[in-house]
There are 2 protein chains.
Amino acid sequence: MNSDWRARLRERGYRLTPQRELVLGAVEELGHATPDQVHAEIRRHSAAVNLSTVYRTLEVLEEIGLIRHTHLSDRAPTYHSIGGREHFHLVCRNCSTVTSVDSGEVADLTGLLGERYGFTPDIGHLTIFGTCHHCDGATSEGSVE
Amino acid sequence: MNSDWRARLRERGYRLTPQRELVLGAVEELGHATPDQVHAEIRRHSAAVNLSTVYRTLEVLEEIGLIRHTHLSDRAPTYHSIGGREHFHLVCRNCSTVTSVDSGEVADLTGLLGERYGFTPDIGHLTIFGTCHHCDGATSEGSVE
DNA sequence: TTCCATGCAAACACTTTGCACCGTG
DNA sequence: CACGGTGCAAAGTGTTTGCATGGAA
C-alpha cells in the first residue's frame, strides 16, 4: 500500500510526476492541511512546486481517491490522506481542536437519513462545529468561523 | 414576533436602520441566500444597499440571533432566518436539492457526541453532503463542490 | 450633538485559467 | 515524439477594511 498511489495514477491514465509524489507526501505528513500549507511544507525540504500545481494535484489525488478534503474553517479547505478508515471531524469553535471520529460511530445517523430521507451521507466530507467540554461555558478569544 | 427584530437590535445597542430592515426582509423572503443574492434581491425593489453593508449587516443579524449561516456549497455561505426551530441541511451533490431536517431528528447523535466525546455540536450550522435517492447511481452533470 | 452605520474604493485571501515550455510514457 | 503536466502571470471570486460622510438616538 506504500506505492499503491503509483498504480492508482497509472490506472486512470494520469502520469507519474515528482510533483505529485511531493504533494501526496506533504499531505500525509501534515495530517490536515490547506493547499497553502502543503505548498509551504514542500518548499521546506524540496525544490519548489508551483502553487497552482498544488491545487491541480490535490484535485487529481482526490479524484483517484487517495485523499479527501473537508472544511475545518470558513477559509481554505483542508486535505488529508485516507489512512485506512473513513472518518469525520469535530471542530471546537473556541479552541479549534479537531477530533476525528470513525464513521462507524454514526451508523445510526446514516441509517436514519437513509430510511427517513432516502439520503446517503458523505461522512468522509463531514465536519461538525460545536464546543468541546474544555471550552463549555468559557467562550473566549480566537474562534474559528 | 413580526417586529421583534427592532427590539433585538435596540437591546444590544445596535441602531435601527432601513438597510438592516431590508437585509433581514430579503433573507426571510429568499429562504437560503448568499450575501450576493441578498444584495441583488434588495436591489430588485428598493434603493440599493452597498454590498459591504450587506456583509456587515448579515454579521450583525447573526450576532443577535435573528439569522444563521451554513455552507451549502464550497463557494459563498448561505444565510437563512431562524423561523422557529433549529434545523440542519442535507445537500445532494448531484441535483443540489436542499432538505431541512429538524434537529430533534438527530437527538441520538447529539447525545452520543456529548457522552463519548464531550462535544456539543452546533446543529444549526450543520450541512451534510451526500446523494439523495433520486440521484443514487446516476451521477450526472452539474455537481456542487 | 454624538457616535454608530453607510458608501465607496482599494486591498485582501483564495482559486482558477491561458499559454508556452517541459518531460513522462 | 506526442500529449499530458508544469510554471508563470494575470484574471476571477468572494470578503474585508480605511476613511469621510450621513443619520439614528
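Reminder, nothing fancy here: chain letters follow the sequence lines and each chain counts from 1. Quick note: numbers below take in every heavy atom, side chains included, and nothing from hydrogens, waters or symmetry partners.
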> How many Å lie between CG on D74(B) and C1' on dG14(D), as a whole number?
Replying inline: 13 Å

>> Check this for me, if you would: do R44(A) and E41(A) make a salt bridge, where the nitrogen-to-carboxylate-oxygen distance has to be below 4.0 angstrom?
In response: yes

> Between T120(A) and T131(B), is a side-chain hydrogen bond (donor to acceptor under 3.5 Å, both in side chains) present by the stated rule, with each step listed?
Replying inline: CA-CA 5 Å; T120(A) 307; T131(B) 316; 5.6 Å; no

> Can you check the R20(A) CZ to dT24(C) C1' distance for me, whole Å?
Replying inline: 10 Å

> When you match R75(B) and T57(B) each to their closest nucleotide on DNA chain C, which lands nearer the 5' end?
Replying inline: T57(B)

>> Could you check whether R75(B) pairs with D36(B) (Lys NZ or Arg NE/NH1/NH2 to Asp/Glu carboxylate O, under 4.0 Å)?
In response: no

>> To the nearest 0.5 Å, what is the distance between NE2 on H87(A) and OG1 on T99(A)?
In response: 11.0 Å

> Which part of the nucleic acid, if any, lies within contact of S52(A), taking any heavy atom under 4.0 Å across all strands shown: a base, the sugar-phosphate backbone alone, or nothing?
Replying inline: base

> Can you name the closest pair of heavy atoms from I128(A) and F119(B) and give their distance?
Replying inline: O-CZ, 3.6 Å

> For L22(B) and dA5(C), what is the distance between atoms CG and C1' respectively, to the nearest whole Å?
Replying inline: 14 Å

> Between E63(A) (CD) and dG5(D) (P), how many Å, whole number?
Replying inline: 11 Å

>> Whole angstroms only, please: what is the CD-P distance between Q37(B) and dT13(D)?
In response: 15 Å

>> Taking only side-chain N and O atoms of N50(B), does any of them lie within less than 4.0 angstrom of OP1 or OP2 on dT6(C)?
In response: no

> Starting at CD1 of I42(A) and ending at C1' of dT6(D), how long is that distance when rounded to a whole Å?
Replying inline: 13 Å

>> Looking only at the aromatic ring of each residue, does the gap between the centers of H89(A) and H32(A) stay below 6.0 angstrom?
In response: yes

>> Go nucleotide by nucleotide along DNA chain D from the 5' end; which of A76(B) and R56(A) gets its closest nucleotide reached first?
In response: R56(A)

>> Check the phosphate of dT15(D) against Y55(B), side-chain N and O only, distance under 4.0 Å to OP1 or OP2. Yes or no?
In response: yes

> How close or far is atom C1' of dG5(D) from atom CG of L9(A), stated in whole angstroms?
Replying inline: 12 Å

> Hey, is the side chain of Q19(B) poking within less than 4.0 Å of OP1 or OP2 on dG7(C), counting only N and O atoms?
Replying inline: yes

>> Is any side-chain heavy atom of I82(A) closer than 4.5 Å to one of R68(A)?
In response: yes

>> Using 0.5 Å steps for rounding, measure from the CD atom of E105(B) to the CZ atom of F88(B).
In response: 7.5 Å

Which pairs, protein N/O on one side and nucleotides 21-25 of chain D N/O on the other, fall under 3.5 Å?
residue: dG23(D); atom: N2; partner: R15(B); partner atom: NH1; Å: 2.4
residue: dA24(D); atom: O3'; partner: L16(B); partner atom: O; Å: 3.4
residue: dA25(D); atom: OP1; partner: L16(B); partner atom: N; Å: 3.2

>> Below 30° counts as parallel, above 60° as perpendicular, anything between as tilted: where do the rings of H125(A) and F129(B) land?
In response: perpendicular

> Between the two end axes of the helix from dT1(C)-dA25(D) to dG25(C)-dC1(D), each built from 5 base pairs, what angle do you get to the nearest 10°?
Replying inline: 40°

> Quick one: D36(B) CG to dT16(D) P, roughly how many Å, whole number?
Replying inline: 13 Å

